[in-house]
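Per chain, numbering begins at 1; letters A, B, ... match sequence-line order.
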Amino acid sequence: MDNEPAQTKDEGFLSRMALNDNKAGMEGLDRDKINNIIMESSKGSKFYENELKKDQQVNQRIEKMMLQKANITQAQLKKAQAQVEKMTLALERSRDLSRVIVHVDMDAFYAAVEMRDCAELKTKPMAVGSMSMLSTSNYLARKYGVRAAMPGFIAKKLCSDLVIVPPNFDKYRAVSDEIREIFADYDPHFLPMSLDEAYLDFTEHLEQRQTWPESLRTHRYSSKSITTVIIINLPGIAPNMMLAKVCSDKNKPNGQYRLPPTREAVMDFIQDLPVRKICGIGKVSEKMLNALEITKCSHLGQQMALLSLLFSETACQNFMEVSLGLGSTRISRHEERKSMSIERTFKELSDAEEQFSLCRELCKDLAEDMKKEGLKGKTVSLKLKNVNFEVKTRAQTLQCAVAAEEEIFAVAKDLLKTEIDNESPHPLKLRLMGVRMSAFVSSDDKAPTQKSILGFLKLQLHVSSVNTQDEGSALNKTGGSVSQVLENKRAAPAGDHPSTSGCEARPQILICPVCSSKVETTDLNVFNRHIDLCLNVASTNQKKSESESVYDEKKCLQECKELNKRKERSEAEEEQPFGSKESSRVCPRGGQHGGSIQKVFLTQSDSKPTTSQKCQGKLSDLVCPVCHLTQETDDLAVFNRHVDLCLNQEVLHELKGQTTFSQNPSVVKNSKNIGKSQ
DNA sequence: GCGGATCAC
DNA sequence: TATGGTGATCCGC
């Protein structure tokens, strides 16, 4: 029973507190000495005591798991094994090695920026952060064991010469923008993970590159800031995101790693990879797996049957994919945000009055942030951390969505009061308080910007013939900037409709931005399909009545309805729902760099007679709606890519406070080479 | 829906 | 003197 696991308890705890030499630049330093200093600096503190407590909880989880394991029968294991083999086969069949996924992150990003701006720092061990917490450190500091997420005062004990520079996020954001501009040229749909990290899908870029003249292939970025390029870490290249992430970490700081897209190479690569290297497997998961003597990814594969009996389905699914070297092959922008929060750490705060006023302040700030994004939420959560580092959250969900300071505070205040009362007659001794909003519904504030999408769409649909009437619905106002448009999801429930206030239980009614009819569904995919159909109809209409100056909405509406009916009927028979791959369009961030708009253009252009695409090599007159330049291409995919690039550039420049953009994306210049006519 | 926990950055 | 802030997700109620 006292079957002590491979690790002793002390060693286990060390893994929680001690130096994480995972990071680059940590090779060949005196681990024991460093860990000693870290431990000595921490011992006896409230923080340390709490960490100890948490570690013991993990140990209990492990014990429980080991007990479960001991009770597993051979029959169970055998059955599980069969199941696992079946799933493995299915997963193996789904393996896709055709994509070129790149993961890039900046090496010691904040530190690199500070060193760029202050030459003196280049020769000194330095870190960005405060005495309480460091964000990152440069390589000189890493030699002493100074690393991110370490409190500055401990770092100082490890390296008394350490220079700690306070963070300057505006500056990092500016550099990040420059870098993202470069990313966008390679993949307009790149996925930023933070200021210093992103995934890119290079597949299409590489295909296009084949057709470029030599001059273009060599220096593309002569006009761009070199200063930022210096700090880009060379990337990790692999057939999927999971692998790319590991690869980018491989040869830090000064090398890239490319994993060949073959099954053999992938499996070889995975074989001895420590499970902790996998994104998503953190300290605790590592410890639990280690208790089962699983330390390398190959062990995961060998122990899948056992794991499937001890872990949840989602966890197992993930383990299995990892063990096979599988991961996402398509990078998609994150969906809309699900929560927004604010929290603050402070010196012990025990006075109830002060706690309430702090709470109000947090609510005020949160309400401001909510307003900026036009959000309203139904759930208010209060987070408290006492001086012993114990964290509690308390939440309440309302009938109606709220956003204003007073409304949020009314709830948060009650939650706080309950906690204070529960502790009475003792005071709550807090070191952190936070307020979070979630369970968002669309808010009225969103309506104006959403309408700008309509304006944008309609502008495209009408091309030159702009309709001036229209029941004051702002349909023709194109005042919204491109970035505004891009910030918004396409299939947003109509904000000014009463049913979206969040106070009614009946299904949401969504208003089609094209035909303005109500679509009664909760499924945004269904709604998007409807919009697609409407756009088709609208563009057909436009084609038919090019000489007319008035857009016939009624006709559109009617045709929409008919088409939708037809479509629904045919869909009932087919397996593949139309447009199912476009589900990313309901995601606002997905639209940020043109994803959703792109489809609009495609749909519109699709309705052009196919003859103009294929016959006689005649070039159609595709005019980019962003840069307004005629694009000499008849390849819609190429045209769309161009628009994407333009949108990206515009957004980036807007972010930088510029209104014009300096260059037209080069892609289309070469489009003739990659047209279908070859 | 709630609350604790884990994870990433 | 001193161990962060934000967002997401999962699991077990």
Side-chain angles (χ1 to χ4, degrees), chain A residues 16-17 20 22-23 38-39 41-51 53-55 57-58 60-61 64 103 105-106 109-110 128-136 147-157 164 166-167 169 172 176 192-198 245 249 276-288 311-318 334-348 362 365-366 369 378-385 387-399 415 419 431-440 589:
Chain A
R16 172 180 283 272
M17 293 290 295
N20 174 4
N22 237 346
K23 277 273 177 198
I38 294 175
M39 284 305 206
S41 312
S42 302
K43 218 166 253 181
S45 68
K46 304 272 190 183
F47 176 80
Y48 179 91
E49 295 300 324
N50 190 252
E51 289 298 298
K53 201 180 94 188
K54 285 198 282 183
D55 190 61
Q57 282 174 15
V58 172
Q60 281 180 15
R61 271 178 73 183
K64 215 173 119 187
H103 179 265
D105 64 5
M106 267 46 83
F109 181 52
Y110 299 167
V128 176
S130 69
M131 279 304 245
S132 303
M133 186 55 61
L134 301 181
S135 295
T136 190
R147 59 179 162 93
M150 175 183 277
F153 72 92
I154 292 182
K156 278 281 197 183
K157 287 185 182 170
I164 297 180
F169 289 105
Y172 311 145
S176 181
M193 300 301 288
S194 64
L195 287 183
D196 74 330
E197 194 183 325
K245 169 89 181 158
D249 193 50
R276 183 69 174 86
K277 293 279 184 188
I278 302 303
C279 186
I281 298 183
K283 281 177 188 174
V284 174
S285 305
E286 179 192 30
K287 194 169 175 177
M288 296 192 67
F311 287 81
S312 73
E313 206 182 317
T314 23
C316 287
Q317 175 82 23
N318 187 242
H334 284 134
E335 297 183 2
E336 62 198 283
R337 74 152 70 234
K338 299 198 165 82
S339 72
M340 180 181 274
S341 67
I342 184 161
E343 64 187 61
R344 246 172 249 161
T345 293
F346 35 78
K347 278 193 198 150
E348 177 175 334
L362 291 170
D365 291 349
L366 182 56
D369 292 344
K378 292 199 287 183
T379 304
V380 180
S381 310
L382 180 73
K383 177 175 171 180
L384 302 173
K385 192 193 278 182
V387 291
N388 294 321
F389 289 86
E390 293 161 334
V391 178
K392 246 184 213 176
T393 60
R394 294 290 177 263
Q396 192 183 334
T397 299
L398 307 167
Q399 289 278 306
L415 295 170
E419 291 310 301
R431 80 179 324 272
L432 172 146
M433 189 186 294
V435 182
R436 171 179 303 263
M437 291 295 303
S438 53
F440 294 141
R589 301 204 52 218

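- Exactly one residue among A:L432, A:L415, A:I342 makes a side-chain contact (heavy atoms from CB on, under 4.5 Å) with A:K383. That residue is A:L432.
- Every side chain to side chain donor-acceptor pair (under 3.5 Å) that A:K53 has, sequence neighbours left out, goes to A:E390.
- Using a 4.0 Å heavy-atom cutoff across all strands shown, A:Q396 reaches sugar-phosphate atoms only and no base atom.
- Taking only distance into account, the side chain of A:S45 never meets the base of C:dT3 through a donor-acceptor pair shorter than 3.5 Å.
- Residue contacts for A:I281: at a heavy-atom cut-off of 4.0 Å it reaches the sugar-phosphate backbone alone, with no base atom in range.
- In this structure, A:K156 reaches neither bases nor backbone, as no heavy-atom distance under 4.0 Å exists between it and the strands shown.
- Looking at residues two or more places apart in sequence or on another chain, you find a salt bridge (Lys or Arg N to Asp or Glu O under 4.0 Å) between A:K392 and A:E419.
- Counting non-hydrogen atoms under 4.0 angstrom, A:K392 reaches the backbone sugars and phosphates but no base.
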>> Within the 4.0 Å limit for protein heavy atoms, which parts of nucleotides 4-10 of chain C are touched? Write it as a string from 5' to 3', B for base, S for sugar-phosphate only, - for none.
In response: BSBBSSS
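- Shown here are the salt bridge (Lys or Arg N to Asp or Glu O under 4.0 Å) partners of A:R16, two or more places apart in sequence or in another chain: A:E51, A:D55.
- A:F153 is linked by a ring-ring contact (aromatic ring centres under 6.0 Å, His included) to nothing, counting only residues two or more places apart in sequence or in another chain.
- A search for salt bridge (Lys or Arg N to Asp or Glu O under 4.0 Å) contacts involving A:K338 returns A:E335, not counting sequence neighbours.
- Residues passing the ring-ring contact (aromatic ring centres under 6.0 Å, His included) test with A:F440: none are found, sequence neighbours excluded.
- The aromatic rings of A:F389 and A:F47 sit perpendicular to each other, their planes meeting at more than 60°, with 30° as the lower class boundary.
- Taking the side chain to side chain contact (heavy atoms under 4.5 Å, CB included) definition, one finds that A:E197 meets it with A:H103, A:D105, A:M193, A:S194, A:K245, sequence neighbours left out.
- At a threshold of 4.0 angstrom between heavy atoms, the contacts of A:K46 with the nucleic acid are absent.
- You can see that DNA chain B meets the heavy atoms of chain A within a 4.0 Å-exclusive cut from B:dG1 to B:dC9, reading 5' to 3'.
- C:dG4 and B:dC7: their C1' atoms are spaced 15 Å apart (whole Å).
- Along DNA chain B, the nucleotide nearest A:K245 and the nucleotide nearest A:K54 are compared for position; the residue whose nucleotide lies closer to the 5' end is A:K54.
- Across all strands shown, A:I38 has no heavy atoms under 4.0 Å from either base or sugar-phosphate atoms.
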